[in-house]
Amino acid sequence: MAAPRISSLLSRSFSSRISSVFRGKNSVPGGGICRFSTAAALDEPIKPPVSVEHTQLLINGQFVDAVSGKTFPTLDPRTGEVIAHVAEGDAEDINIAVAAARKAFDEGPWPRMTAYERQRIILRFADLVEKHNDEIAALETWDNGKPYEQSAKIEIPMFVRLMRYYAGWADKIHGMTVPADGPLHVQTLHEPIGVAGQIIPWNFPLLMYAWKVGPALACGNSIVLKTAEQTPLSALYVSKLLHEAGVPSGVMNVVSGFGPTAGAALCSHMGVDKLAFTGSTETGKVILELAAKSNLKPVTLELGGKSPFIVCEDADVDQAAELAHFALFFNQGQCCCAGSRTYVHEKVYDEFVEKASALAMKRSVGDPFKEGMQQGPQIDQDQFNKILGYIKSGVESGANLETGGDRLGGKGYYIKPTVFSGVQDNMAIAKEEIFGPVQSILKYKDLDEVIRRANNTRFGLAAGVFTQNIDTANTLMRALRVGTVWINCFDTFDAAIPFGGYKMSGNGREKGEYSLKNYLQVKAVVTPLKNPAWL
């Protein structure tokens with residue numbers, strides 16, 4: 001009986017764990033509308049149960065100040081007040097970090113130790129993160145604004161799972177023996193690519209850390225990672241734990257700083273062999289250009305999205321409304337794959353809009369450290385202003401504002417959950433990535449129409465389909481030009497499931513076996529055979 005139990009634990013979907021936290025303790029068991037009322041974000045902020053220990057750059061195994069001596073503030077999105085001043089790395093610090101990573105790769109023990117030894121270090125790292133789950137979750141929530149329950153019960157456990165998954169791959173990476181036309185022995189070697197430059201975003205700082213650092217380490221590479229300037233704290237904390245686990249100095253380097261300085265220097269550096277970036281499509285274009293103008297280093301990009309969520313005419317409207325609500329509002333709407341274009345069949349459209357609006361009005365918004373909160377503040381003032389600008393655009397373009405549409409409270413970056421109906425494809429709220437708690441509901445008549453409209457976008461990251469008809473599901477899963485199609489679920493993430501986009505949502509895949517290819521070079525070795533016994 002042990003094997004089935006273990007299997008069931010490992011196969012639990014990310015979305016099922018999200019949903020249990022998302023619904024909160026007052027939900028109807030097994031589904032139904034969440035029984036929350038929107039809470040004013042006016043109470044005195046709860047003091048986070050953690051202190052900030054690391055604010056310097058981590059280079060060659062040591063915490064150090066930036067060469068310039070500069071720092072920048074990282075802010076609490078609940079209040080806009082300073083949490084801590086963090087070292088501001090720039091091109092000179094990137095040079096030092098790349099030199100440390102290069103030496104660690106060219107001369108150090110990491111790529112030369114056995115894969116089993118690397119595996120054991122990564123497993124120890126996962127154990128340490130698990131041990132410090134609550135402190136790390138508190139840092140993530142404090143710096144980012146996402147609900148603490150989400151950080152502690154979903155994201156940090158998923159980080160641990162991802163690291164253990166990649167530790168498992170470390171000693172299973174190997175080449176092949178290839179038959180050739182003639183007396184030749186041909187083999188392929190899968191070699192680590194070298195120094196990997198990685199840039200992670202602010203919406204899921206630690207999960208994106210795991211998506212990138214995990215496969216890079218498993219393959220034997222060294223790393224220079226630039227954090228998002230909005231959320232530098234958690235990456236510094238866990239990278240310290242990675243060194244406690246036994247990773248050699250220089251293998252993992254973390255530079256906090258800004259895109260035009262530290263980020264551009266990393267992308268342009270001739271000593272970096274590979275880049276991985278998660279962020280906006282516009283920044284992705286700049287990174288590709290910098291990589292091409294330097295040493296043509298390969299680039300993996302996970303970029304923006306405007307994902308369709310398609311509710312078919314046979315849908316259970318209650319269930320569809322709840323899943324569409326989750327697909328859009330999870331993580332304050334700050335998800336690249338958020339179901340931000342909700343296409344609903346005309347036969348159920350009015351009923352769906354009514355239920356979607358009710359869910360938004362009952363959503364609990366407030367201090368993310370308060371138990372039961374579903375939505376915290378947006379990340380910063382810029383994102384806050386951007387979202388409110390899109391809401392204004394929606395109203396001015398003629399969409400129907402069903403609920404929300406304004407800030408919540410007078411302090412911090414809280415926005416009321418917002419629902420628009422009567423949205424048309426040519427409106428900015430239907431075309432552009434809002435990255436906030438704004439649901440746009442569009443009406444369609446038939447399958448051919450919704451396929452055409454759903455694909456009429458520059459993005460292609462993900463899509464959701466809600467239907468009870470397997471033929472409809474099969475038609476849509478093949479017709480939608482996206483990297484992931486979720487059928488009767490959404491945001492179902494697992495360490496083994498690859499993730500990435502079509503079109504301008506990026507290139508390459510992260511997670512799963514596919515991600516290992518990002519950090520390996522394939523070398524063919526050919527040797528003549530004299531008088532072979534067989535070929």
Side-chain angles (χ1 to χ4, degrees), residues 57-61 89 93-113 115 118 121-122 125 162-163 166-167 169-170 173 190-201 205-228 235 238-239 242-243 247-257 262-279 284 287-288 290-292 294-302 500 506-511 514-522:
L57 313 179
L58 180 57
I59 298 177
N60 204 26
D93 302 288
I94 291 292
N95 288 339
I96 296 170
V98 172
R102 173 56 59 193
K103 185 174 182 180
F105 183 78
D106 289 347
E107 303 174 20
W110 185 248
R112 292 161 186 81
M113 68 174 61
R118 285 200 302 273
I121 289 173
I122 299 171
F125 174 46
L162 283 157
M163 285 300 170
Y166 284 114
W169 269 112
I173 298 168
H190 291 183
E191 301 181 344
I193 200 166
V195 176
Q198 302 178 332
I199 302 175
I200 58 175
L206 281 180
L207 284 180
M208 297 303 101
Y209 179 112
W211 285 20
K212 291 171 174 56
V213 171
L217 290 178
C219 294
N221 299 283
S222 59
I223 299 166
V224 178
L225 181 140
K226 192 197 88 69
T227 58
V238 298
S239 295
L242 179 56
H243 284 81
V247 74
S249 296
V251 171
M252 184 71 214
N253 305 276
V254 181
V255 177
S256 49
L266 183 61
C267 296
S268 301
H269 206 290
M270 297 295 290
V272 173
D273 300 305
K274 190 266 180 310
L275 289 173
F277 168 76
T278 295
I287 288 173
L288 274 178
L290 293 173
S294 52
N295 57 349
L296 277 176
K297 57 180 75 68
V299 183
T300 303
L301 298 172
E302 196 265 281
N507 55 58
R509 293 294 181 269
E510 295 191 296
K511 298 195 293 106
Y514 293 89
S515 64
L516 300 172
K517 298 177 182 178
N518 300 328
Y519 297 98
L520 294 169
Q521 291 277 27
V522 178

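All residue numbers in this chain count up from 1 along the given sequence. Source: prediction; values computed, not measured.
- Nearest heavy atoms, Gly257 versus Ala262: CA-CB, 4.3 Å.
- Among all heavy-atom pairs drawn from Ala104 and Ser249, the shortest one is CB-O, 3.7 Å.
- Without hydrogens or angle criteria, Lys297 side chain to Leu290 main chain gives no donor-acceptor distance under 3.5 Å.
- In this structure a side-chain-to-backbone donor-acceptor pair under 3.5 Å is missing from Ser268 to Ala265.
- Distance check, rounded to the nearest 0.5 Å: CG of Leu242 to CD1 of Ile122 gives 8.0 Å.
- Side chains of Tyr166 and Ser515 form a contact here, defined as non-hydrogen atoms less than 4.5 Å apart.
- One distance of note links CG of Asn221 with CD of Gln521; it measures 9.5 Å at 0.5 Å rounding.
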Verdict with reasoning, Met270 to Val98, per side-chain contact (heavy atoms from CB on, under 4.5 Å): CA-CA 9 Å; Met270 297 295 290; Val98 172; over 6 Å; no

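- Side-chain contact between His190 and Val522 is present, with at least one heavy-atom pair separated by less than 4.5 Å.
- Between Pro248 and Pro109, the shortest heavy-atom distance links the atoms CG-CG, 3.8 Å.
- For the pair Asn60 and Ile96, the minimum side-chain heavy-atom distance is 4.5 Å or more.
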Applying side-chain contact (heavy atoms from CB on, under 4.5 Å), run through His269 and Val195 and close with a yes or a no. CA-CA 11 Å; His269 206 290; Val195 176; over 6 Å; no

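- Applying the salt bridge (charged side-chain N to carboxylate O under 4.0 Å, His left out) definition to pairs two or more places apart or across chains, those involving residues 208-228 are Lys212-Glu510, Lys226-Glu229.
- Without hydrogens or angle criteria, Asn295 side chain to Val272 main chain gives a donor-acceptor distance under 3.5 Å.
- One distance of note links CG of Leu225 with CE of Met252; it measures 4.5 Å at 0.5 Å rounding.
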Go through it in stages, so that I can follow the logic: the residues are Leu516 and Trp169, the test is side-chain contact (heavy atoms from CB on, under 4.5 Å), and I'd like the CA-CA distance, side-chain angles, deciding distance and then a yes or no. CA-CA 9 Å; Leu516 300 172; Trp169 269 112; 3.5 Å; yes

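- Screening Tyr519, Phe105, Trp110 for a side-chain contact (heavy atoms from CB on, under 4.5 Å) involving Pro192 leaves a single residue, Phe105.
- Defined by atom type and a distance below 3.5 Å, a donor-acceptor pair is present between the side-chain atoms of Lys274 and Thr300.
- With rounding to the nearest 0.5 Å, the separation of OG1 in Thr278 from CD1 in Ile200 is 9.0 Å.
- Under the salt bridge (Lys or Arg N to Asp or Glu O under 4.0 Å) criterion, Arg102 pairs with Asp106, Asp273, not counting sequence neighbours.
- When side chains are defined from C-beta on, Arg118 does not count as touching Leu217, because their heavy atoms never get closer than 4.5 Å.
- Side-chain atoms of Val255 and Leu266, non-hydrogen and from C-beta on, never get closer than 4.5 Å to each other.
- Shortest non-hydrogen contact noted between Pro111 and Gly220 is CB-O, 3.5 Å.
- Here the closest non-hydrogen pair linking Ala97 and Val224 is O-CG2, 3.7 Å.
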Could you go step by step and tell me if Cys267 and Ile199 meet the side-chain contact (heavy atoms from CB on, under 4.5 Å) rule? CA-CA 9 Å; Cys267 296; Ile199 302 175; 3.8 Å; yes

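- In terms of heavy-atom proximity, Met163 sits nearest to Ala210 at CE-CA, 3.7 Å.
- For the atom pair CG (Asn507) and CG (Leu301), the distance works out to 4.5 Å, reported to the nearest 0.5 Å.
- Residues Ser256 and Leu57 meet the side-chain proximity criterion, which asks for heavy atoms closer than 4.5 Å.
- Under the 4.5 Å side-chain criterion, counting only non-hydrogen atoms from C-beta, His243 is in contact with Leu58.
- With contacts defined as side-chain heavy-atom distances shorter than 4.5 Å, the pair Ile173/Cys219 qualifies.
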